[in-house]
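This chain uses plain numbering: 1 for the first residue, then up along the sequence. Only heavy atoms go into these numbers, but all of them, side chains included; no hydrogens, no water, no symmetry mates.
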Amino acid sequence: MNPIKAAQYFYNKQLRQDSLRLRLHNLGLYNLKNDLKGHRDNLREIIFNSKKRNFKSLAKSLLRLPIVIVELLILGVLFWLEFIFKSLPRFFFSLLPYSLSGWMKFIVIMGVITLVVSASSLFFYLSKEPDPKILQDYIKLHHYRTAVALRDRQGHLIGALASPNSPPDQYFSHEQRQGALYVEHVPDVFWDVLITREDRDLDFKYQNTHLMEILLGQRNSYKGINFAALFKRPIQSKLKGNNIAGGSALINLIIKNLYGVRYFNEQYSSNHLWSKLQRKKEEIKGARNLFPYLAKHNGLEFKRWIAMHAPLLSAGDDVYGIRSASATLFGKRPKELSAAEQSILAAAYHRGVRFQPLSADEREPLQQARFKRWQLLIKKAKKGVRNAYQTSQPEKMNRILADLEQMQTPQMPKVPSSLQSLLNDQTFTQRQKYGNLKQRTDLLISSLKPRISQRLKQENQKLNRLDSYHQVITDIKISLPVGKNYQFKKQLDQTFAQIMRYCPHCYSKNIGRPVNTESNGALVRIVVANSKGEIVRYYRRGYVQRRPIASISKIPIAVLLASHNVKIAQKFCNKAYQGRKNASGLYLKGVQNCNTPKKSGHSYTFKDSMAQSKNLPLFYALTELEQFSLAQLSNLYKDFGLDDSASLRGNTPTIKQLAFELAFGLAEATPEQTHRMIQTLTQQLYRPTLRDQPHVIQSLRISKYHEDSKQATVRKQYLKNPNMLYYNIAAYLNNETVKETLRKIFVSPVKESKGTLHSFNKIANVNFLLAKSGTSETPSSKTRDKSAIGSFEIHGNIYTFSIFIGTDDLEQGLGSRVTHQRLITPIMKTIVKSLL
C-alpha cells in the first residue's frame with residue numbers, strides 16, 4: 001500500500017470511529033437519559049404534586065408505581081442489548097483492518113464476544129464459595145493417595161506402603177494405587193524452577209482479582225486457572241500441529257492424581273471435543289473447591305501437594321513425588337538436595353528420570369536413548385534456572401549452571417548402606433527394581449506387609465476417631481533390619497533345600513516352594529523377637545490359621561501346677577485312659593496300677609513329663625492329683641489366649657474336656673498367639689521390666705495441618721504394644737519359687753537327654769532358656785504340623801522364637817517321617833547363625 005492510500009485508509013477509519021461514537025451517543029445513551037428523565041419527572045409529579053394531594057389520586061399514582069419500575073428495567077435491558085449486539089459490534093468493526101471482508105469481521109467479532117462471555121462465566125463460577133463437602137472429600141482423597149514411607153531403625157527410606165485410609169464415598173474414582181510420599185519441606189530451587197517452567201502466572205493472592213483485570217489482561221491467573229493459557233494454548237496447538245500442554249498445569253495435575261491417573265486416562269482419553277470439555281469441567285470444579293484451601297499462607301499446601309504428586313520417575317507403578325525421586329536417584333532427603341539436583345527434578349516434571357546402566361546389560365540403542373533423555377533434562381534444567389534467577393540472582397544462576405555441567409547420569413539406584421550388599425553381582429535389570437520403592441518393598445518384606453498393614457489400619461482408626469479431616473500417617477519406622485532379614489531369608493531357602501535333599505521321601509509337601517496349588521508347598525512361619533518385643537527376623541509363606549497347637553498347650557499346665565507348689569521331682573502316674581496314649585516311651589497306653597510309681601514307665605516326674613511331652617501323666621495331674629475347678633481351667637485358657645473346641649462351637653465345656661485338650665494338645669491358637677505366650681513368660685522370668693508383645697512397627701510420624709496454621713505439624717508417636725497376657729500370666733507367678741521351678745521345667749526339653757528338643761544342644765554359641773515343641777497329626781496319623789517356641793541368649797541378648805511348618809491338607813499331611821531333628825533343628829541353626 002502506497003503512502004497516499006495508507007493516509008486515505010486511516011483518514012476514513014478515523015471518520016468511521018467518530019461516526020460510530022456519534023451514533024452510540026444519539027441512539028443509546030442520549031435516548032436512555034431522556035427516557036429516564038421523563039420517568040423521573042412523571043414519578044415526581046405523581047407523588048409530590050401539591051395540586052393532586054388527595055388520597056384517591058395518590059392511591060392511583062402508587063398503583064402505577066410498579067408498572068413504572070418494570071418499564072425502567074425493560075428499558076435498561078433493551079439498551080444493553082442494543083449496545084452489545086448493535087453499537088459494540090460496529091465499534092469493533094471500525095477497528096478491524098479495512099481489507100477484511102464483512103464475514104471475516106463478523107467471525108472475529110463473534111469470537112471476541114464468545115471469549116469475553118466464556119471468561120466472564122468461568123470467572124463467576126470460580127468466584128463462588130467452595131463446597132465444604134467436596135473440599136472434605138478432596139482432602140480425604142489426598143490422604144488416600146498419600147503412601148506411607150517405610151523407614152529402618154536409622155531412619156533411611158527403604159520402601160513404601162499403600163495408605164491405610166479409606167476413600168470417600170462419592171464424587172471420585174477410588175481406584176487404589178501406590179500414591180505419593182509426604183513432603184515436609186519443599187526445596188526453594190525446585191519450586192522456583194518448576195513455577196517458571198509450568199505456571200509462572202500462578203497467583204496465591206487471588207482474592208483481590210477482578211473480572212476486568214482478567215479481561216484486560218492485567219492478570220492471567222485466578223484460583224489456579226490460567227485464563228490466557230486456557231484459551232490460547234489449544235489454538236496454538238492446532239496451528240503448530242503439536243501437543244502443547246493446556247493451561248494451569250499444576251492445579252490440573254493435582255486434580256488428576258486425586259481422581260486417579262488411570263481413571264482420567266480411561267474417561268478422557270478420547271480426542272473428541274466433548275471428552276476434553278468434560279475433563280476441563282472436572283479440573284475447574286476442583287480448582288474452585290480446592291485451590292482456596294491450598295493457597296493459604298502463600299500456597300503452603302499447594303507447594304507440598306505438587307511436590308508430592310509430581311511424576312518425577314519414569315516408573316508408572318512407583319510412588320510419586322520429590323521424596324521418592326531424591327532417595328532413589330541421589331540417596332538424599334529433599335532438604336539435602338543441592339540446587340542443581342533440585343533443578344533436575346523440576347525439569348523432570350513431565351518426563352521422568354531413568355537410570356543409565358554401568359555395563360552393557362542393555363542394547364546400545366536403548367542406552368543411547370537413556371543418555372539423550374538425561375541430556376534433555378540438563379538442557380531443560382538450565383533453561384528453567386535462567387528464567388528463575390537471571391534477573392534477580394545472577395550469581396546463584398551461574399553457580400547452579402556450573403554444577404549442572406558437572407552432573408553425571410544416575411547409573412544405579414541409591415539404597416541405604418544396610419541394603420548396599422544386595423546390589424552386588426546383580427544385573428542392571430535386577431538393580432533397577434531397587435530404584436522402585438514399591439518393587440523394593442515387595443522384594444524385601446512382602447510376607448510382612450499384611451501384618452504391618454493391619455496394624456496401620458488399627459492406628460488409623462484411632463486417628464479417625466479424633467480428627468479424620470486433617471491428620472494422616474506419613475511414615476513408619478520398623479524394628480526389622482531389612483538387609484539382614486533378606487539375607488536370613490536366602491539362608492533359610494538354602495536350609496529348606498538341604499532338608500529336602502537329605503530326606504526327599506519324608507515330605508509330601510515341598511517346604512522350599514511358595515504356597516499355592518501348583519507348587520504343593522508347605523505353610524511356613526518363622527519369627528524371632530528380642531526381649532523388648534521387637535521382631536528382628538521374619539519369614540512367612542502362606543497364611544496360618546488357628547489350629548491345634550499340640551504339646552505347646554502343656555505350657556499352661558506347667559504354669560498352673562507350679563503355681564500350686566508342685567515340685568519338679570514330684571511324680572505323676574502314667575495312668576491308662578481308654579483310647580488315649582503317649583507319643584513315645586514305655587507303656588504308650590499307660591498302666592492300670594498307680595501303686596508302683598518307682599517302676600520304669602509307670603510314672604514320670606513333673607520335669608520329665610514336660611521334657612518328653614507325656615500326655616497321660618499330665619492329664620492325671622490335672623484331673624486326679626490336683627482337683628481343679630471348671631472356672632480355674634476356663635480362666636487358664638483365657639489367660640493364655642487359647643480356645644477349646646466346645647466354646648468354639650458355642651457349647652459349655654466340662655472339666656474333663658478342658659483338661660484333656662490341654663494334655664493331649666487339642667487346644668487351639670495361632671502361631672502369633674503362642675509366640676505372645678512365650679514372649680510373656682520370657683519377660684517375666686528373665687526380663688520382668690519389659691512388657692511389650694512381639695511387634696514390628698516402632699513408631700509413627702503423623703502430619704497434621706490446620707487452615708489457620710502457617711506450617712503443618714509433624715509429630716512422632718512411639719507405639720505402645722502392651723502384652724495383654726502379661727498381667728494374666730503374672731498372677732500365676734506369684735513368688736520366686738514358682739519362677740525358679742518354671743525356669744528348670746521349660747529348659748528341660750533341651751537339657752534332658754530324652755527331651756524332645758535335645759538336638760538343640762548341638763547348636764554352638766547359644767544358651768537356651770525356654771523351649772517347647774509340638775507335633776500335630778492328621779486323622780490318618782501322618783504329621784500335619786511341626787512347631788517349636790522358646791527363648792535363648794546370645795552374647796547377653798535374649799531372643800524369643802516361634803517356628804511353624806505345616807499344612808492344611810488333612811489327607812496327605814506334611815509327611816510321614818518328619819522329626820524335630822530333621823526339620824526344626826536345621827532351622828534353629830540358621831536362626832542362631834543369622835544373629836551371631
Q: Can you establish whether the number of heavy atoms outside Glu626 located under 6.0 Å from its atom CD is more than 12?
A: yes
Q: May I have the step-by-step check of ring pair (Phe, Tyr, Trp, His ring centres under 6.0 Å) for Tyr507 and Tyr502, ending in yes or no?
A: CA-CA 11 Å; Tyr507 305 93; Tyr502 179 77; 9.8 Å; no
Q | Option from Lys751, His820, Glu752, Met828 for which side chain to side chain contact (heavy atoms under 4.5 Å, CB included) with Leu757 holds | A | His820
Q | Leu685 side chain reached by Phe746 side chain, heavy atoms, under 4.5 Å | A | yes
Q | Separation of Glu777 CD from Thr783 OG1 (nearest 0.5 Å) | A | 6.0 Å
Q) Going by heavy atoms in the side chains, are His564 and Gln632 under 4.5 Å from each other? A) yes
Q. What do the steps show when you test Asn574 against Ser603 for side chain to side chain donor-acceptor pair (under 3.5 Å), and what is the final call?
A. CA-CA 5 Å; Asn574 188 26; Ser603 66; over 6 Å; no
Q. Would a 4.5 Å heavy-atom cut-off, applied to side chains only, mark Phe801 and Ile678 as touching?
A. no
Q | side-chain contact (heavy atoms from CB on, under 4.5 Å) against Asp639, all qualifying residues, sequence neighbours excluded | A | Asn635, Asn728, Tyr732
Q. In chain order, what residues pass the ring-ring contact (aromatic ring centres under 6.0 Å, His included) check against Phe488, with sequence neighbours excluded?
A. none
Q | side chain to side chain contact (heavy atoms under 4.5 Å, CB included) assessment of Thr825 paired with Thr819 | A | CA-CA 9 Å; Thr825 301; Thr819 65; over 6 Å; no
I'd like a table of donor-acceptor pairs (distance under 3.5 Å, sequence neighbours excluded) in which one partner is a side-chain atom from residues 653-664, with atom names and distances.
from   : atom 1 : to     : atom 2 : distance (Å)
Thr654 : OG1    : Gln657 : N      : 3.2
Gln657 : NE2    : Ser645 : OG     : 3.4
Gln657 : NE2    : Glu661 : OE2    : 3.1
Glu661 : OE1    : Ser645 : N      : 3.2
Glu661 : OE2    : Ser645 : OG     : 2.4

Q) Would Asp692 and His695 count as having a side-chain donor-acceptor pair, cut-off 3.5 Å? A) no
(Q) If I take atom NZ from residue Lys607 and atom CD from residue Gln612, how far apart are they, to the nearest 0.5 angstrom? (A) 11.0 Å
Q | Asn765 side-chain N/O to Ile794 backbone N/O, donor-acceptor pair under 3.5 Å | A | no
Q: Using a 4.5 Å cut-off on heavy atoms from C-beta on, say whether the side chain of Gln698 contacts that of Ile478.
A: no
Q | Minimum heavy-atom distance Pro164-Asn460, with the two atoms named | A | O-ND2, 3.7 Å
Q.
I'd like to check Met500 versus Asn510 (side-chain heavy atoms, cut-off strictly below 4.5 Å). Are they in contact?
A. yes
Q.
Please find the pair of heavy atoms, one from Ser834 and one from Arg537, that lie closest to each other, and give the distance.
A. OG-NE, 2.6 Å
**Q.** Steps toward side chain to side chain donor-acceptor pair (under 3.5 Å) verdict (Tyr686, Arg743)
**A.** CA-CA 9 Å; Tyr686 294 96; Arg743 291 189 189 104; 4.6 Å; no
Q) Would a distance-only check, ignoring hydrogens and angles, find a side-chain to backbone donor-acceptor pair under 3.5 Å from Ser563 to Leu560? A) yes
Q | Lys772: which of Ser748, Ser613, Ser553 passes side-chain hydrogen bond (donor to acceptor under 3.5 Å, both in side chains) | A | Ser613
Q) Looking at OG1 of Thr682 and CG of Leu769, how far apart are the two atoms once the value is rounded to the nearest 0.5 Å? A) 7.0 Å
Q: Working to the nearest 0.5 Å, report the span between CG of Leu681 and OH of Tyr726.
A: 10.5 Å
(Q) Run Lys762 and Ser759 through side chain to side chain donor-acceptor pair (under 3.5 Å) and show every step you take. (A) CA-CA 6 Å; Lys762 299 178 182 178; Ser759 58; over 6 Å; no
Q.
Run the side chain to side chain contact (heavy atoms under 4.5 Å, CB included) test on Thr441 and Lys438 for me, step by step, so that the C-alpha distance in whole Å, both residues' side-chain angles and the decisive distance to 0.1 Å come before the verdict.
A. CA-CA 5 Å; Thr441 306; Lys438 178 185 176 184; 5.7 Å; no
Q) Where do Ile803 and Ile831 come nearest, in terms of heavy atoms and distance? A) CD1-CD1, 3.9 Å
Q. Got a salt bridge between Asp493 and Arg541, using NZ or NE/NH1/NH2 to carboxylate O under 4.0 Å?
A. yes
(Q) Evaluate Phe572 against Tyr620 for ring pair (Phe, Tyr, Trp, His ring centres under 6.0 Å), listing each step before the verdict. (A) CA-CA 7 Å; Phe572 305 150; Tyr620 171 82; 7.4 Å; no
Q. With ring centroids as reference points, do Phe496 and Tyr539 lie under 6.0 angstrom apart?
A. yes
Q) Should Glu811 and Arg784 count as an ion pair when the cut-off is N to O under 4.0 Å? A) no
Q. OG of Ser780 to CG of Leu810: how many Å apart, nearest 0.5 Å?
A. 9.0 Å
Q: Taking the side chain as every heavy atom from C-beta outward, state whether Thr741 and Leu561 have any pair of such atoms under 4.5 Å apart.
A: no
Q.
Tell me the closest heavy-atom pair linking Pro694 and Arg676, and the distance in Å.
A. CD-CA, 4.2 Å
Q: Write down the atom of Gly641, the atom of Leu725, and the distance for their closest heavy-atom approach.
A: N-CD2, 3.9 Å
Q) Regarding Ser791 and Thr800, is there a side-chain donor-to-acceptor distance under 3.5 Å anywhere? A) no
Q: Answer yes or no: is there a side-chain heavy-atom contact under 4.5 Å between Lys449 and Leu161?
A: yes
Q. Under 4.0 Å between a Lys/Arg side-chain N and an Asp/Glu carboxylate O for Asp152 and Lys477?
A. no
Q | Quiz item: cation-pi between Arg525 and Tyr538, 6.0 Å / 45° | A | no
Q.
Go through it in stages, so that I can follow the logic: the residues are Lys554 and Leu618, the test is side chain to side chain contact (heavy atoms under 4.5 Å, CB included), and I'd like the CA-CA distance, side-chain angles, deciding distance and then a yes or no.
A. CA-CA 8 Å; Lys554 295 178 175 60; Leu618 289 174; 3.4 Å; yes
Q: Find out whether Ile555 and Met677 are in side-chain contact, i.e. whether some heavy atom of one side chain is under 4.5 Å from a heavy atom of the other.
A: yes
Q: Write down the atom of Thr778, the atom of Asp809, and the distance for their closest heavy-atom approach.
A: CG2-O, 4.1 Å
(Q) Looking at Asp608 and Lys614, is any side-chain nitrogen of the basic one under 4.0 Å from a carboxylate oxygen of the acidic one? (A) no
**Q.** Salt bridge Glu668-Arg546, side-chain N to carboxylate O under 4.0 Å
**A.** yes
Q.
Any side-chain to backbone donor/acceptor pair from Ser647 onto Asp643? Under 3.5 Å, distance only.
A. no
